[in-house]
Structure formats: C-alpha cells, structure tokens
Protein chains: 2
Amino acid sequence: MNGTQRFTAAVEARLKEAIARLGYRSNPLARSMITGRTRAIGLAILDISNPHFTNLVKGANRVAIQHDYTLLLVDTEENPQREQTLIESLAQRVDGMIVSSRMPDDSVQWLLDLGKPVVLFGRGARFPVASVGTDSCLAGYMLANHLVKLGHRHIAYLGFGRSRWNDERIRGIRNCLDEYGLALDIHDAASPSAAGGERACSALVLGPKRPDAVICYNDLIALGFIKQARELGLQLPRDVSVAGFDNVPYGEYTAPALTTVDFQSEKMGELAMTKLLDQLHGNAETAASYSLLDPRLVVRESTVRREVAAGDAAAAGDARTRRHESRMPAAE
Amino acid sequence: MNGTQRFTAAVEARLKEAIARLGYRSNPLARSMITGRTRAIGLAILDISNPHFTNLVKGANRVAIQHDYTLLLVDTEENPQREQTLIESLAQRVDGMIVSSRMPDDSVQWLLDLGKPVVLFGRGARFPVASVGTDSCLAGYMLANHLVKLGHRHIAYLGFGRSRWNDERIRGIRNCLDEYGLALDIHDAASPSAAGGERACSALVLGPKRPDAVICYNDLIALGFIKQARELGLQLPRDVSVAGFDNVPYGEYTAPALTTVDFQSEKMGELAMTKLLDQLHGNAETAASYSLLDPRLVVRESTVRREVAAGDAAAAGDARTRRHESRMPAAE
DNA sequence: GTGAAAGCGCTAACAA
DNA sequence: TTGTTAGCGCTTTCAC
C-alpha cells in the first residue's frame, strides 16, 4: 500500500527494498479508477500559437505545480467540433477543467454536465460558473481615448466577429468616440491571427477613406496588419497608428513596437487554476464567482500624434470642445 | 459492451435508449486499465512560449487527430526535475510519448524504461531510439556562409551552452569560417529566450571589438538582441547583421525582419507523431530510426552587405581567395 | 501493526 | 446472438 498505512521501520525498509528490486511502479490509472482522483487538471486553449494563450498556460502551470498537480493541455485550434471531442476526452482523465472557448453561454451546459469542476474565461456574473476575465469594454475605451487624444479622428476597428469579446470592445470604443462625436469604421478579420490581419489590411488601407488609426481585435492581427501595410508602401506609424489587445510578448520586439492593452494573461491563468483548486478542495466560496482583472494601457511606438493639416486641426478642436464635459461611460 | 459485440437491431435500439436514459458514459479510466490502451499520446515540450515548440505541437496534433488520438501536452519549462516528474506522470496516462528534452543521451534510459514507445528529437543514429531532427551543423554552415558572402569578417556567435545542438551549430559555423581563415567569437546567453538575448547584448556590442554580424542560438535570442542593440543606440542591420535559427513566425513581423534557418518545426512534429503511431501499430520499420529534415536558409532584412572601408576590403578579398576551392564539410 | 477480502467499472473469454 | 464470469491493479474495510 502507498502512504495510507503505517508499518514498523523494519517492514517499511523491507518493502522499499522489494519495490526497488521489482522495479514496481504504481499504476495511476487503476488508482484513479478507485479514488476518482487523478491529481491532474485539464486545460483547453483555442490556439497554442497565440502567445496570449501560452501565457495563460504559464500562469496555470505555475499554480498547478505548486499544488503538486499535473497540467494537461489540449489545443482545440479554433475548431468547435474538435473542441468538444478533445474536452470530453480530456475531462474524464482529470479532476477538473479550465476551458477557453468561443462557445456561447447557452452551449456551456454540456460542459457542466461532464460532472467535473470547471473554470471558464470571461463568462461574467450572468452565468453560474466560476470564471475569470477582463473588462474588454473598458479596454476598448482606453485605446480609443488614447488615440483621440493623439489627434486621430478617423478611427477604424479591425475586429474578429466570432469572438465573444468583439462586441464589448466595440462598445468601449464607441463609448469614447461618441463623446467626441466621432464615427467608428468597422471591419472584420477572418481569423484572430497575424495572417488574418495581413489579409484584411488592404481593404482598410486602400479603401475609399483611409483611417488615421486602426484598433485591432488582438495583437496578432495588429502585427499582420502592420506588416502588410508596410508592404503596401505606407509609413507606419506616421501614416496610420495601430493598436491591439492582449500585450503579447512579441509586440515588444516589432518595429514599431506595438501599443496595446495588457490583459494580464499570465495572472488570468493563475487565477483560473487557483479557483479550480479551491473548488476541488471544497472552498465553495469562490466556486461560481467571477473574477475581473484590470486592463492596462501599454503605450509604445505604433501610435503617434497625428500631424494635422490646418483645416483638420480646426475641425478637431471643434469636436473636442463640443462634448467636452461628458463622463467616461465605461467606468461604470 | 461498446463496439466489441454486435446485436440485433432491436436489442441495439433498446440498449441505446437505456444508455441515453441513464446518461451513461463509459469510464475511459477503467477501460484503459483493462485494455492497456488510452488512445492518447503525451508530448513534453521545453517551453510553450517558444513558437518553435508550439509549431511542433501543431504538427503533432494534426497527425494525432487524423488518427483519432488525443494529444496531451505538458510544458516542462526548461526545468529538468519538473521534466522528470511531469513525464513520469504523463507517460502512465498515454500510449506513447514524444519528448523534447535537453537531457544527455546517457540519461535517456529511464525514459525508455517507462515501458512506453517514445520518440525523441535530434538523438541521431548513435542511440537506439526513434528520433527526428535536423542538421544543425549544416544550418550553422549555411548562416555563416551567407554572412561571409555579405562581406562580414568579424562574426560572433551568441549561443546557449545548455542546448544539445549548440556545439553542432558552432561546428558548422567554424567549418565555414575556417575556409576563409576567419575566427569566431563565442558568447553565451543565460536562457534561450528574448530576455536572454537582451541581457547578453551589451557584452557583445559594447565589448572591445564589436562584431559585424551575430549568429544567435535561436530566433528568440536574436529578437531580444536586436531590441537591446537598438536601445544601445545601434543602427540595425547597418551596424550589425543578426541571424537566428528556427524560423519562428514572429521573426517575419519584426523590423528588420529576421534572417534565420527554417527547421520545419511543424513537419518535425508531424514526423514524430507518425513515427510514434507506426510504432504503436507494430510497423517496426521506423521503430528505432532517425529521420533528418533539411534546414533551409531564410534571408530577410536583418542581414545586409557590409559596407567595407578600403583596408578591410583588401583583407576580405585576400581571405576569400586563400582557401577558395575548399569543399563544404557539413554536407557529409 | 499486519494480512485478507471485497469491489471499483470495465473487457475478454466463454457458455448458453 | 446473447448472458455470464473472471479478473485487470488498485484502495478500502475489516478481521486478526
């Protein structure tokens, strides 16, 4: 027996000797079958190529190891069917699951019916699930506000419609632009990746009215956009300011370095794992709670003050004073 | 019973009904205990933040899914103890393991003793293990050759001593430089990451003799190096050409875009998984074989022709002719 | 403090 | 084609 029973030192030694001699190793499958516990946690992420998600993993892994759990990872590759298969397969081999998914709130039920504790991302208080997230609306407001203050007036959003946060980000941006009486030009990328940003770039930049500034759904799209805009002959950031969300590590190493909003991905991972372990160990307090992390604006080189022509400047000043005293609606 | 036995349609229907009514789901743990098969493959990688490894995962995952296997991932975080614990824990839950590790050849035995089929990376023919790798020596040669042809004479290598490929890369670089009678200045980064490159930069760049060109152990180090060199006031690539290994996706989005050697990481992952499944299904042919992938030079903007002063030019010409007809030693 | 026995949920082999 | 049984490697319980 392993750990449950105590013996006299003599017997214990003899036991240990036998174990070593036979090369015995306990079969965790059989053990798990009995105890119903695996000491493993499953984590499903949408895309392992996206540093945002690998940061989640880093955070979750740290906490798991601290508590002597093994973190098992699957990459669902933004594919809903694959996601369901993989999650079902994984869920039965672990004590609990952390899941990053685009499935709508009402499709989440089967996940809960798996009978394992679950932590999700960004499900808000509207759903009785443990969940951790950030204020995407506020983040959008921050970025828009930053750009407007730099003198930008024609702002575009290159979004990703399939994301559950896309609308929130738009809302935040609009909240800000509305204060200045500015319109928002909305575009959509086919995928939340650099390739998506590249492909969407020309439609924005070569379209009828080129924006002064582009806010992208995430940093990867922003990176792709920047590269493609360059190849189309634009001078960045002079011609167009670009910003993203997530603060992925590589945004720091590009030129121009990327302005973005830090969502504290790693801390999100930590928090999710902590929440799950709490649930596992019966601390029901945090069970179905929602933890919100603060977004932080990270200003780098990809957003710069717009050099305005004379006519433009007057219009800008006009707009700014017109609705000068409006409050920040996103800080609710 | 599930799949093993056939029944008449009537019984089958009644069975299905009962299954649905009871909400029965087979317990894969119990099943695996009996059959000894889990239909899962374990993959251990050194650092999930490194796109090289996430590409391995992408490749392996694709093949696994094709064959209806679940790929379970662990991140060992460049930590040997953690690695051993995680691998042992994972190995017993899966049918086979793919392991990316820095452990020396003679420490690999315990891994094989786990009793599961294993595929490793870059173990060569010298070890009776299934393994896939690339020719690091040739890759080093390619990069060095590229730089010499661009007129660089003072070439430095910013390596990572703990890697099992570091010496191979140095050998390849030296093979080339020797042909031109050039010396190689060797430095070492503390970690194979952008942070490692940043920290190591000043010692190289502010040292007694600044190199014309720096070859970094991998792209991440190169990215960090470039960023830091910029902050130290250097004009890149004019002042220093920089190159790396791996061809990580983000090297394309930096400025200057990174010259590198493509190791076909994704294909490596595919190949490793294919090899493992072959082993699992009894195709013993590939069992202990070693597959080598070809490195490919990817020239981008971070390496440029050196603008030589008059004296330098003469010396360079001299060196080039001196051992003009020597063969490529790395193509063995 | 130690050994024996029951049974977890399943599959495999066999009997009906 | 169907129902039954043994037993996988472990933990748990209980008698010794």
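In what follows, chains carry the letters A, B, and so on, assigned in the order in which the sequence lines appear, proteins first and then strands, with residues in each chain numbered from 1. When reading the values below, keep in mind they use all heavy atoms of this one structure, side chains included, and skip hydrogens, waters and symmetry mates.
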Interatomic distance where [atom1] belongs to [X] and [atom2] belongs to [N] [whole Å]:
X: B/L15; N: D/dG3; atom1: CG; atom2: C1'; answer: 12 Å
X: B/R31; N: D/dG7; atom1: CZ; atom2: C1'; answer: 17 Å
X: B/R14; N: D/dT1; atom1: CZ; atom2: P; answer: 16 Å
X: B/M33; N: D/dG9; atom1: CE; atom2: C1'; answer: 5 Å
X: B/R39; N: C/dC10; atom1: CZ; atom2: P; answer: 19 Å

Quick one: does A/S32's side chain have a donor or acceptor within less than 3.5 Å of a partner on A/P28's backbone?
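Pair found, side chain donor or acceptor close to backbone of A/P28.
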[X] has a side chain; which of [options] sits nearest to it?
X: A/A30; options: D/dC10, C/dT11, C/dC10; value: D/dC10
X: A/I34; options: C/dG7, C/dT11, C/dC10; value: C/dG7
X: A/N27; options: C/dT11, D/dG9, C/dC10; value: D/dG9

Under 4.0 Å between a Lys/Arg side-chain N and an Asp/Glu carboxylate O for [X] and [Y]?
X: A/E77; Y: B/K58; answer: yes
X: A/D95; Y: A/R39; answer: no
X: A/E83; Y: A/R102; answer: no

